[in-house]
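I have placed the structure first, in the form of structure tokens, so that the comments after it can refer back to it.
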Amino acid sequence: KSGIIPAGKTENINLTHTFMPNTSQSQIVFGRSPLIQGGGKAFTSLLGYPFGCLEQTISKSFPQIQYGDLSKAMALNVQIAKRENSDFNPASNVQQAILKLESQQLFNGGFGMWPGATKEDWWLTAYTVHFMEEAKRAGFEIKPSVFNKAIDYLTTKTQSTSLKSTATQSVSNGVVKTVASREAIYSLYILSIVGQPNRASMNYYLQNVPLLTTENRYLLSSAFKMIGDLRNATKLLPKNYDAKDNITDEFSSPLRNVALILNTLLETDADHPQIPQLARQLSAALASTPQLNTQEAAFSVLALGKMAKKTSNSTVTAKVLVAGTNLANFDGKELKLDKGIDNEV
């Protein structure tokens, strides 16, 4: 279970049970951020990934842009090595990823998966532009020529309607549904956050909402929000996230999709009331997933890292009592308790 204890309030956590003595274990984790439920596992799994294809390279480096906020929130026991190329030197990793992506841009502005590739990958190109934009904001240097060519590529790709026939998780009996491609809507979102929106294409999908999955509605809503069109942003935004309305392609998965949605809301409306619930949903999914792929880990840590940044200046503290006796004090750093709490309140 997970939850939030409001400031100045007391919460009773009942760990009593009827299991046989000495056959059960209990653990409680306290923290100021949803990262405590799985963000650490996701982040450290990315630190261990080798540099490989461009998708892996960016997925590994993307969250390290926010390493400071992440490590502060999770009290990570990871030292930044002095060696320039170390896996534990976040700034170096981000800079190396930038150099690598610059070398893999094709003549048309898109990016290939591997060095020497002759064909670009549309989703990867949008993902790469997303990474470059976040890196630029954090102070990393990006070649304007590389960035602008990639923007031109996304603009050209989104000029035409992009649809695909696929079965979503909410469709049964082999029925196929035609939907807008995820690459197209993600690209429209990226073009909006970099300040070069493709308004004509955005308006087309706005007039054809049945083509949008729940995830794509979040992305397109945020694209309209970024350009100041609050009326259409509100019109498109779902009231809640339906995980069943999914298409699984372009490196996606249900976990990756909710992480992408959370990151999108944090980028465009950091105080939106859906954010706490989505963060808890993502954190719980991370905690229960034994193995994460690169996209799941990258978008999860990116989103939760932004949550961590929001809570990094929090000063909340707490006392943990068992049967009225003080067991521990929470001072802001992640606190894990597994002794003296089993079968207690």
Side-chain angles (χ1 to χ4, degrees), residues 51-66 91-164 180-205 216 219-220 222-228 249-252 260 263-264 267-268 294-295 298-299 302:
F51 277 68
C53 67
L54 189 56
E55 185 277 322
Q56 278 194 344
T57 300
I58 291 175
S59 291
K60 176 178 180 178
S61 304
F62 213 149
Q64 295 185 61
I65 294 172
Q66 302 184 37
S92 176
N93 285 347
V94 173
Q95 194 60 59
Q96 286 192 53
I98 293 170
L99 293 174
K100 183 170 184 176
L101 70 87
E102 290 174 346
S103 71
Q104 289 184 217
Q105 188 174 43
L106 304 183
F107 70 94
N108 62 359
F111 292 89
M113 188 69 74
W114 295 96
T118 58
K119 184 173 178 55
E120 80 282 0
D121 183 288
W122 185 0
W123 171 270
L124 175 63
T125 300
Y127 187 45
T128 302
V129 174
H130 195 177
F131 168 73
M132 287 193 288
E133 176 65 16
E134 292 271 359
K136 282 175 59 180
R137 294 179 185 182
F140 290 90
E141 185 175 350
I142 303 290
K143 288 183 180 178
S145 59
V146 173
F147 188 75
N148 292 335
K149 280 181 65 177
I151 293 299
D152 290 343
Y153 172 87
L154 295 182
T155 301
T156 299
K157 293 292 288 186
T158 55
Q159 295 289 12
S160 302
T161 304
S162 179
L163 306 177
K164 61 177 56 180
S181 71
R182 182 180 281 111
E183 304 103 318
I185 306 303
Y186 182 43
S187 295
L188 290 174
Y189 166 68
I190 297 302
L191 288 171
S192 291
I193 68 173
V194 302
Q196 300 191 44
N198 186 338
R199 185 63 187 259
S201 294
M202 290 167 62
N203 286 337
Y204 170 80
Y205 293 109
N216 280 342
L219 287 170
L220 191 58
S222 294
F224 277 103
K225 184 73 177 290
M226 289 298 294
I227 64 174
D249 53 8
E250 289 81 52
F251 313 105
S252 73
L260 175 57
N263 181 73
T264 302
E267 180 68 31
T268 57
T294 46
Q295 287 273 298
F299 274 111
L302 188 64

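It should be emphasised that the depicted structure is a prediction, and the values quoted were computed from it without experimental measurement. For the numbers below, each heavy atom of this structure counts, side chains included, while hydrogens, waters and symmetry mates do not.
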(message) One pair to check against side chain to side chain contact (heavy atoms under 4.5 Å, CB included): Met132 and Ile98. What are the steps and the verdict?
(response) CA-CA 8 Å; Met132 287 193 288; Ile98 293 170; 5.9 Å; no
(request) Calculate, to the nearest 0.5 Å, the distance between atoms CG and CE belonging to Leu220 and Met202 respectively. (result) 6.0 Å
(request) Search all heavy atoms of Asn216 against all heavy atoms of Ala180 and return the closest pair with its distance. (result) ND2-O, 3.3 Å
(message) So, taking the atom named CD1 in Ile190 and the one named CD in Gln196, what distance separates them when rounded to the nearest 0.5 Å?
(response) 12.5 Å
(request) For Trp123 and Ser181, run side chain to side chain contact (heavy atoms under 4.5 Å, CB included): C-alpha distance rounded to whole Å, both residues' side-chain angles, the deciding distance at 0.1 Å, then the answer. (result) CA-CA 10 Å; Trp123 171 270; Ser181 71; over 6 Å; no
(message) When you measure from the side chain of Thr158 to the backbone of Thr155, do you find a donor-acceptor pair of N or O atoms at a distance under 3.5 Å?
(response) yes
(message) Check whether Gln104 reaches the backbone of Gly112 with its side chain - one donor and one acceptor, N or O, closer than 3.5 Å.
(response) yes
(message) I'd like to check the side chain to side chain contact (heavy atoms under 4.5 Å, CB included) partners of Ser222; sequence neighbours left out, ordered by chain and number.
(response) Tyr189, Thr264, Thr268
(message) Over 60° means perpendicular and under 30° means parallel, so tell me whether Phe299 and His130 are parallel, tilted or perpendicular.
(response) tilted
(request) Just grab all the salt bridge (charged side-chain N to carboxylate O under 4.0 Å, His left out) pairs involving residues 184-199, residues at least two apart or on different chains. (result) Arg199-Asp229
(message) Would you say that Tyr127 contacts Phe111 through its side chain, given a criterion of any heavy-atom pair below 4.5 Å between the two side chains?
(response) no
(request) Would you mind listing every salt bridge (charged side-chain N to carboxylate O under 4.0 Å, His left out) that reaches into residues 128-140, with sequence neighbours excluded? (result) Glu133-Arg137, Glu134-Lys306, Arg137-Glu267
(request) State which residues pass salt bridge (Lys or Arg N to Asp or Glu O under 4.0 Å) with Lys225; sequence neighbours excluded, sorted by chain then number. (result) Asp269
(request) To the nearest 0.5 angstrom, please state how far the CG atom of Leu188 sits from the CG atom of Asn203. (result) 10.5 Å
(message) Within this structure, what is the SG-CD distance for the pair Cys53 and Glu55, rounded to the nearest 0.5 Å?
(response) 5.0 Å
(request) Identify the two heavy atoms, one from Ala117 and one from Leu106, that lie closest to each other, and give their separation to 0.1 Å. (result) O-CD2, 3.2 Å
Contacts under 3.5 angstrom, residues 146-154 side chains, donor-acceptor by atom type, not counting sequence neighbours:
| residue | atom | partner | partner atom | Å |
| --- | --- | --- | --- | --- |
| Asn148 | ND2 | Pro144 | O | 3.1 |
| Tyr153 | OH | Glu120 | OE2 | 3.0 |

(request) Decide if the gap between the ring center of Phe131 and the ring center of Phe140 is smaller than 6.0 angstrom. (result) no
(request) Could you tell me the separation between the OG1 atom of Thr125 and the CE atom of Met113, rounded to the nearest 0.5 Å? (result) 9.5 Å
(request) Please report the shortest heavy-atom distance between Asp121 and Leu124, naming the atom on each side. (result) OD1-N, 2.8 Å
(request) Please confirm whether the backbone N or O of Ile58 pairs with a side-chain atom of Lys100, one donor and one acceptor, at under 3.5 Å? (result) no
(request) Identify the heavy atoms of Gly52 and Trp114 that sit nearest to each other, and give their distance. (result) C-CZ3, 3.7 Å
(request) Would you give the length of the straight line joining atom OG of Ser145 to atom CD of Glu102, rounded to the nearest 0.5 angstrom? (result) 7.5 Å
(request) Kindly write out the residues that satisfy side chain to side chain contact (heavy atoms under 4.5 Å, CB included) with Thr161, not counting sequence neighbours, or none if the list is empty. (result) Leu163, Tyr204, Tyr205
